[in-house]
Amino acid sequence: MLKSFQSRLIMFVLLLLALAQLGTALAVLTSLKEDNYKQGVQSIDVSHNVFDLFLAARAEQLTKGVEILTSDFGFKQAVATRETGTIRSVLQNHGARINADISLLVTPRGELITATQPLNITDTVAELVFAARRSRGSSISTMVALDNRAYQLVLVPIRAPNVVAWVGMAFLLDQALAERIKNVTGLDISFVYETQNTNMLSGASTLPSIEKDALLKEIGNIKDIISSPVFSDDEKYLSLGVDIGVTNQWGIIHLPYDPWLESYRDTRNQLILIFTGALALALLFGIALARNMTKPIGRLVGYAQQIGLGGTKEKVSAPNIGGEFGVLSHTMKTMQDSIISREEELTYRASHDQLTGLFNQSAVEQYLSDTLPKERGGLVLVNIRHFKDINNMLGFDVGNLLLSKVAERLQTWGHDAKKLARLNADKFLLIFDRPITEQDCKDLKCFFHNEFEIEKGSSIRLDISIAVLPIEHATATVNSAMRRLDIVADEASDSSKLCVFYEVGQDENHRRQLTIIRDLPAALDGGQLFVVYQPKVGLAGDDCHEAEALIRWIHPELGFLPPDEFISLLEHAGSIQQLTKWVLNTVLSQLSKWWAQGHEIRVAVNLSAHDLLDEQLPFIVSEALQTNRLPTRALALEVTESAVMKDREKVIGVLKALQDMGVHLAIDDFGTGQSSLSYLRELPVNEVKIDRAFIQFIDTNKGDEFITKATIELSHSLGFQVTAEGAENAEGTALLRYYHCDKIQGYFFSKPLSPEDFFKWREAFHSR
């Protein structure tokens, strides 16, 4: 709703005019209402003054009428002689002539002598007379309440010559008086009083009976309208209370407000008509104005839509518009040019390598997605060997220069390639429509025999590995093609061959490796892995108190997995430490059972190079021993020479910490590593294990016999125990005894056994 600029402009014009009209109307109506109210208040104020003047004039008139009576000699004589009957008759006759409602005669002290009606006002009259005497007044005019009714009372003294009595005439504030005041003021008058215990008003009024009861009920407390007039609920009357000087007795002036309201309503209706007409005119004006103003905007919108729908391929002509919209049109044209330029740059960057200008991996994947499957062609992946070392030694600037020169040389060699791309830092890919042969690989190698000049007088020769994926093995998907290319590239990096071609089955082997790595956590939890124990026989006592723990894995799909296969994979995947912790806890759990039965057997656990690089290993071993309540002498750890050579200083530090704990340490596969003799004296170990390669044929190979003898003598001279691995016959075992080898491990005594079988074998071995 109201999404278009035209409709919003029309709505803006209408809203602006409506707000202006509404503001004007509110101001006029508010002013009119306030003016009407002020005039009403003014009329009530005038009526109030007239009300007060009317009562004052009436009091003066009544006083003169009473004075006529007090000047009558016969009345004076009757008062002097206290002729009560005559006095009462005169009071009734004179009161009737001046329309008095009550006539009375009191003593000079205010005591009632006689009255035309029974009254109980002696105290009130006494106070009035006393006040008049103090002020030496000749007469008294006031308001009094008699039986919940308000009266205007006039008292005049009778002198003979002193004051012998007071004559009083009381006049009721009744309906007749209210009518007379209404005739003078033109407003309704009420004389009211509060009824007992109800806080309700009652009394005489010129209002119609129904309106009187409802209005007096709304007023409630008369004190609320004494100071200022108040509207009735329906705003039909504006009422003002008048204090007439008598407790719980009031007068009320009612201004009929209908004429004023009628004037207000007429003005309001006229303003509504004006408002409606103005809005209608504004709507017509807004539509015309919006159409005129939005025409150039519509043209600009169409121009922008054409740009958005494909204006980056072919330029769209900008509309010819003048004024501010012309500036906007020119700006949009400039924007279109910038968009085209930016799109071209982004498209180029999305598909090209910024350093060499070759295509990137995204472009290769898009090309393969469009062309696969194919039956003819090949992908050649060139990888620069040891490029990371070049970067580290010569710096990234030199490395980037070499990459650019490699790209130039590959463009020369692969001039007929459909695509030449740089996949990452040191890998380049060439895609051909023709088959790739061994000769192509030789030619490519020859191209890299020449050195690359990195600066004047300084050159470097690069060695490359070449991986080839025939296009018929690329399959129909890009992911499969790139995966197979990575597989053959990894093999080429580790191979010394001229080049490596992808062969059928390599993909399956790769999937097997991924399966092994992926399934290790489930295998540990599912019981697929278990530990077997191969006895170590001590030749001195011809006994067995030690064993080596060896891990086995029966995979539900792949079957038996050789330890050499899955351990090396887990080392490359970074999961070997998870396996080591499992083996350590499993072995120590089994040892705790044997030690609890009184069989103090020491079991050796093999550690990988990754384990030895973990400086937390001593804490892990210590915690595992404490958990299983085993002494450190129950555990032996075996490490290979190659593992020590990974980071000699860190590994020796870890081994030293383990040896300080009391853990038995052994060098496994001794004699197969590098620099064995030079580092043997520095290693904090307790035992040397001679590799099975020297033991297996010791009885038939003199060279192996001499090496074994020398190793045993050298190790003993350095204080190490010696264990021979791979003893498989009696002749070899006899030679090892002859050369004083400490322990023998091999099939001659036993193959690796389950915990139960190992325990049974050991019992049988000791009891023979």
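In this text, all values refer to a predicted model and were calculated from it rather than measured experimentally.
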Kindly indicate whether the side chain of [X], heavy atoms from C-beta on, has any atom under 4.5 Å from the side chain of [Y].
X	Y	answer
F765	K760	no
L625	T632	yes
D614	H610	no
L736	I698	yes
Q590	W594	yes
H716	V722	yes
L630	L635	no
V621	M661	yes

Looking at [X] and [Y], would you say the former's side chain and the latter's main chain have a donor-acceptor pair under 3.5 Å?
X	Y	value
R633	R602	no
S767	E763	yes
N360	R422	no
N628	S592	no
T627	E623	yes
R461	F448	no
D611	L607	no
S717	L714	yes

Only distances under 3.5 Å count here; give the side-chain donor-acceptor pairs of residues 749-758 to other protein atoms, sequence neighbours excluded, each with its distance to 0.1 Å.
unit_1 : atom_1 : unit_2 : atom_2 : d
S754   : OG     : D757   : N      : 3.4
S754   : OG     : D757   : OD2    : 3.1

Does atom [atom1] of [X] have more than 12 heavy-atom neighbours from other groups under 6.0 Å away?
X	atom1	answer
R629	CZ	no
E731	CD	yes
F530	CZ	yes
K445	NZ	yes
K709	NZ	no

Straight-line distance of [X] [atom1] to [Y] [atom2], nearest 0.5 Å:
X	Y	atom1	atom2	result
E438	K442	CD	NZ	7.0 Å
I690	I667	CD1	CD1	13.0 Å
R409	I464	CZ	CD1	10.0 Å
S404	D353	OG	CG	8.5 Å
L485	L429	CG	CG	6.0 Å
I707	D691	CD1	CG	11.0 Å

Please report the shortest heavy-atom distance between [X] and [Y], naming the atom on each side.
X	Y	value
A492	S465	O-CB, 3.6 Å
C544	P535	SG-CB, 3.7 Å
P631	W595	CG-CZ3, 3.6 Å
L658	P618	CD2-CA, 3.7 Å
A727	I695	N-CG2, 3.9 Å
V531	A549	CG1-CB, 3.8 Å

Listed by chain and number, what are the side chain to side chain donor-acceptor pair (under 3.5 Å) partners of W553, not counting sequence neighbours?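 Q528.
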Sequence neighbours left out, what passes side chain to side chain contact (heavy atoms under 4.5 Å, CB included) with V583? Give chain and number order.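 Side chain to side chain contact (heavy atoms under 4.5 Å, CB included) list for V583, sorted by chain: I551, L579, V587, V605.
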Below 4.0 angstrom, N of the basic side chain to O of the carboxylate: do R692 and D704 qualify?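 Not counted as a salt bridge, because no side-chain N and carboxylate O are separated by less than 4.0 Å.
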From CA spacing to verdict: side-chain contact (heavy atoms from CB on, under 4.5 Å), L529, R552: CA-CA 6 Å; L529 284 91; R552 297 292 184 263; over 6 Å; no
Would you check, one step at a time, whether the test side-chain contact (heavy atoms from CB on, under 4.5 Å) holds for L613 with V651? CA-CA 6 Å; L613 294 175; V651 170; 4.1 Å; yes
Between E705 and N701, is there a side-chain donor-acceptor contact under 3.5 Å, judged purely by atom types and distance?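 No pair is found: no donor N or O on one side chain lies under 3.5 Å from an acceptor on the other.
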Determine, step by step, whether L381 and N383 satisfy the side-chain contact (heavy atoms from CB on, under 4.5 Å) criterion, reporting the C-alpha distance in whole Å, the side-chain angles of both residues, the deciding distance to 0.1 Å, and the verdict. CA-CA 6 Å; L381 184 66; N383 185 18; 5.5 Å; no
What do the steps show when you test T733 against I744 for side-chain contact (heavy atoms from CB on, under 4.5 Å), and what is the final call? CA-CA 8 Å; T733 303; I744 295 178; 3.6 Å; yes
Aromatic contact, [X] with [Y] (centres under 6.0 Å):
X	Y	value
H599	H766	no
W413	F428	no
W761	Y533	no

Honestly, is K419 close enough over F359, meaning NZ or CZ under 6.0 Å from the six-membered ring centre and within 45° of the axis?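 Satisfied, under 6.0 Å and within 45°.
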Exactly one of L410, I436, L420 should register a side chain to side chain contact (heavy atoms under 4.5 Å, CB included) with V380. Which one does?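 The single option meeting the side chain to side chain contact (heavy atoms under 4.5 Å, CB included) with V380 is I436.
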Going by the side chain to side chain contact (heavy atoms under 4.5 Å, CB included) test, name the single residue among T711, I712, V685 that passes it with F720.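 Filter result, single survivor: V685.
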Can you tell me which residue among K689, K743, K536 is in a salt bridge (Lys or Arg N to Asp or Glu O under 4.0 Å) with E548?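 Of the listed residues K689, K743, K536, the salt bridge (Lys or Arg N to Asp or Glu O under 4.0 Å) partner of E548 is K689.
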